[in-house]
Amino acid sequence: MIARRGILAGWLGALTLPLALSGAGAAVAQPYGGPPPGWRPPPAPPLRFEPPPGPPPRPGWVRQPGHWAWLRGAYVWVPGRWRRQRPGRWREGYWAERRGRWVWVEPGWR
């Protein structure tokens, strides 16, 4: 039994040593340079129709409309919901260029 382990360890060492020296199993980091110059994100899809959900569950609550959110490189629909009334107006999300990069400004009350 002990002799088998020694033989097995010898074979594994003989196989892994050339691979380690050749760099075949090593991961090489690729630098990320960002999007190419002039790249612009796609526009958001049109809003979806949501039927009216009925009266608010509590007095003073307002309906926050559904909207598109940018998540992991794709647009995802976030359904509307009831919220306590907020000061200001509801603004849709939009793309803005800041310091040479495009960023998604989340929709919300402003």
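Everything numeric in this text was worked out from a predicted model, so none of it was measured.
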- [ ] Specify the closest pair of heavy atoms between V78 and A69, including all atoms of both residues, with the distance to one decimal.
- [x] CG2-CB, 3.9 Å
Task: Y75 and P42, any side-chain heavy atoms less than 4.5 Å apart - done: yes
Task: Close side-chain approach of L47 and W68, heavy atoms under 4.5 Å - done: yes
Task: side chain to side chain donor-acceptor pair (under 3.5 Å) involving W104 - partner list, sequence neighbours excluded - done: E106
Task: Pairwise side-chain contact, W82 with R63, heavy-atom cut-off 4.5 Å (strictly under) - done: yes
Task: Contact summary for P107 and G93, nearest pair of heavy atoms - done: CB-N, 3.3 Å
- [ ] Would you kindly confirm whether W102 and W70 end up in one hydrophobic cluster when ILVMFWY residues are joined by side chain heavy atoms under 4.5 Å apart?
- [x] yes
Open item on the list: Testing the basics here: between V103 and R98, what is the closest heavy-atom pair and its distance to 0.1 Å?
Closed with: CG2-CD, 3.8 Å
Task: R83 to W61, cation-pi by 6.0 Å centre distance and 45° axis angle - done: no
Open item on the list: Can you confirm whether P79 sits close enough to E50 that some side-chain heavy atom of one is under 4.5 Å from a side-chain heavy atom of the other?
Closed with: yes
